[in-house]
Amino acid sequence: MAGFPEVMDKLVSLCKRRGFIFQSSEIYGGTGSVWDYGPLGVELKKNIKDRWWNAMVRSRDDIEGLDAAILMHPRTWEASGHVAGFTDPLVDCKQCKARFRADKMDPKKLEANVCPNCGNKGTLTEPRLFNLMFKTFMGALEESSSVVYLRPETAQGIFVNFLNVQQSARQKVPFGIAQIGKAFRNEITPGNFIFRTREFEQMEMQFFVEPGTDMEWFEQWKALRMQWHLDLGLSPERLEFHQHTDTELAHYARAAFDVTFDFGGTLGHQEIEGVHNRGDFDLSQHQQYSGKKLEYFDQVNNKRYVPYVIETSVGADRVTLAALVNAYREETVEGESEGRVVLGLKPSIAPIKAAIFPLTKKDGQPEMARKIVDDLRGAFPVDYDETGSIGKRYRRQDEVGTPFCITVDGQSTGDQTVTVRNRDSLAQDRVDVSQLKGYLAGKLVD
Ligand code: GAP
């Protein structure tokens with residue numbers, strides 16, 4: 001496994017060159033830690049989000065979907081604790097103007113007041129608390145009464161809709177609500193490509209349970225979420241659980257585990273998902289701040305209670321980065337001087353499922369290849385390529401993770417068969433054109 005900085009640099013350049021991810025507003029010099037997904041990136045991330053939605057919502061009858069608005073009533077963030085407590089302690093160097101998070105600094109350097117950037121002594125300010133929420137104004141007046149926030153997590157949209165969903169969908173506790181959506185944090189120390197950004201997408205699910213059954217559900221969700229990452233194709237040896245200690249626990253959490261992924265190199269194991277037991281913190285806070293009851297009525301046992309919540313929260317961008325890092329490999333090819341770069345993504349999340357090449361630009365091969373493209377396009381994203389040598393065309397597809405390359409050759413126009421090359425094994429099967437769609441479909445579910 002190549003070191004992280006090396007792989008990351010290569011991935012950043014591959015992602016830009018091949019249209020996965022671009023820096024936001026690049027022509028203006030870029031926006032700090034904000035990224036745009038290009039034609040292949042949007043497919044990859046969408047496939048990952050679809051896998052999550054299918055696992056969490058479509059394949060279960062005890063979880064409902066939701067798409068809540070980004071802008072919420074400002075009281076939401078007072079109730080949730082974000083106005084008072086969603087802060088990082090900031091330290092500035094008066095000399096070199098570098099900015100650090102005090103909680104992430106080497107305590108010895110902080111104590112000795114030595115700047116980790118320029119090395120000067122006595123130039124660091126006292127830590128100041130900095131709120132991570134982006135503020136904006138609603139309506140025509142820029143005054144304090146019209147301040148609203150861009151949500152720093154999607155979860156609160158779920159909490160405030162707890163009864164709307166439970167009653168409209170006629171769900172009984174235990175049940176969950178899931179959503180995928182944008183979140184915004186004015187991170188002080190963003191970086192590492194799409195690992196920590198200021199605008200990102202979360203895939204969150206809140207599971208409402210009867211108090212007392214919460215730790216059982218917590219264990220179940222921990223196991224299910226770890227399995228989801230394994231099913232996505234992340235290597236088991238790169239995945240771990242990290243239990244939050246008392247000092248690490250967020251203000252709302254009774255217990256928390258992170259699923260961590262080993263990005264390699266200096267970044268190492270980092271959180272990609274959090275599984276939290278939030279107790280009744282959020283619903284109780286919203287009850288108090290809104291004055292509206294958020295209780296569940298258990299008709300069987302004739303009792304009312306505020307449910308506890310088990311939360312699973314994963315970053316769509318961060319898990320996309322984990323999938324890219326996990327998939328990237330460089331290989332030598334027997335009998336060839338040039339090696340190849342492969343994105344060994346699972347076929348189900350690969351942005352392009354098959355590429356179709358005519359071996360030559362004559363003898364009716366391009367026409368036959370185009371016809372195959374038209375036929376497959378309705379079923380999967382496919383690509384057509386007739387430029388360059390066949391070897392070059394294979395390399396182009398390998399580095400974006402296309403699992404199958406179909407070649408129309410001299411034999412094809414006669415007997416209506418094509419070769420299908422497998423990205424990983426390099427094995428080539430000869431397949432009848434009439435069987436192609438079924439052949440591929442069987443290999444794209446994983
Ligand atoms: N509702 C709980 C919550 O938001 P979190 O641990 O702050 O918990 C959950 O965030 C997940 O969201 C993280 O595991 C990470 O995958 C993603 N995430 C958080 N901040 C992010 C950022 N600045 N950039 C990209 N992803 C981020």
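Both counts, for ligands and for their atoms, begin at 1 and track the order of listing. Heavy-atom basis, side chains included; hydrogens, waters and symmetry copies ignored.
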Heavy-atom distances under 4.0 Å decide this one: backbone, side chain, both or neither, for Arg151 against ligand 1? neither
Taken in chain and number order and not counting sequence neighbours, the residues that satisfy side-chain hydrogen bond (donor to acceptor under 3.5 Å, both in side chains) with Asn47 are none
May I ask whether Phe261 places a heavy atom under 4.0 Å from ligand 1? no
Tell me the protein heavy atom at minimum distance from atom 9 (C) of ligand 1, and give that distance in Å. Ser313 OG, 3.0 Å
Run the numbers for me: atoms of ligand 1, each under 4.0 Å from some heavy atom of Glu273, listed by number. 14 (O)
Ligand-side contact atoms (ligand 1) for residue partner Phe195, heavy atom cut-off under 4.0 Å: 24 (N), 25 (C), 26 (N)
Give, for atom CD of Gln397 and atom CZ of Arg423, the distance between the pair rounded to the nearest 0.5 Å. 11.0 Å
Would you check if there is a donor-acceptor pair between the side chains of Thr260 and Asp262 at a distance under 3.5 Å? no
Going by heavy atoms, is Arg278 under 4.0 Å from ligand 1? yes
For atom 17 (C) of ligand 1, the closest protein heavy atom turns out to be Gly315 CA, 3.7 Å
Determine whether any heavy atom of His276 lies closer than 4.0 Å to an atom of ligand 1. yes
Measure up the Phe162 and Phe175 rings against each other and bin them: parallel (under 30°), tilted (30 to 60°), perpendicular (over 60°). parallel
Check whether any N or O atom of Ile272, backbone or side chain, sits under 3.5 Å from an N or O atom of ligand 1, and answer yes or no. yes
Got the closest protein heavy atom to atom 7 (O) of ligand 1, with its distance? Arg185 NH1, 2.9 Å
Structural part of Arg196 in contact with ligand 1, heavy atom criterion under 4.0 angstrom: both
Heavy-atom nearest option to atom 14 (O) of ligand 1, drawn from Met203, His244, Glu271: Glu271
Among all protein non-hydrogen atoms, which one is nearest to atom 12 (O) of ligand 1, and what is the separation to 0.1 Å? Gln202 NE2, 3.3 Å
Among residues at least two apart in sequence or on other chains, which ones pass side-chain hydrogen bond (donor to acceptor under 3.5 Å, both in side chains) with Gln220? none
As an exercise, identify every atom of ligand 1 less than 4.0 angstrom from a heavy atom of Glu204. 1 (N), 2 (C), 3 (C), 4 (O)
When you measure from atom 2 (C) of ligand 1 to every protein heavy atom, which one gives the shortest distance, and what is it? Glu311 OE1, 3.1 Å
Report the nearest protein non-hydrogen atom to atom 18 (N) of ligand 1: residue, atom name, distance rounded to 0.1 Å. Phe200 CE1, 3.6 Å
Atom 24 (N) of ligand 1 has as its nearest protein heavy atom Thr197 N, 2.9 Å
Any donor-acceptor N/O pair, Asn326 side chain to Ala322 backbone, under 3.5 Å: no
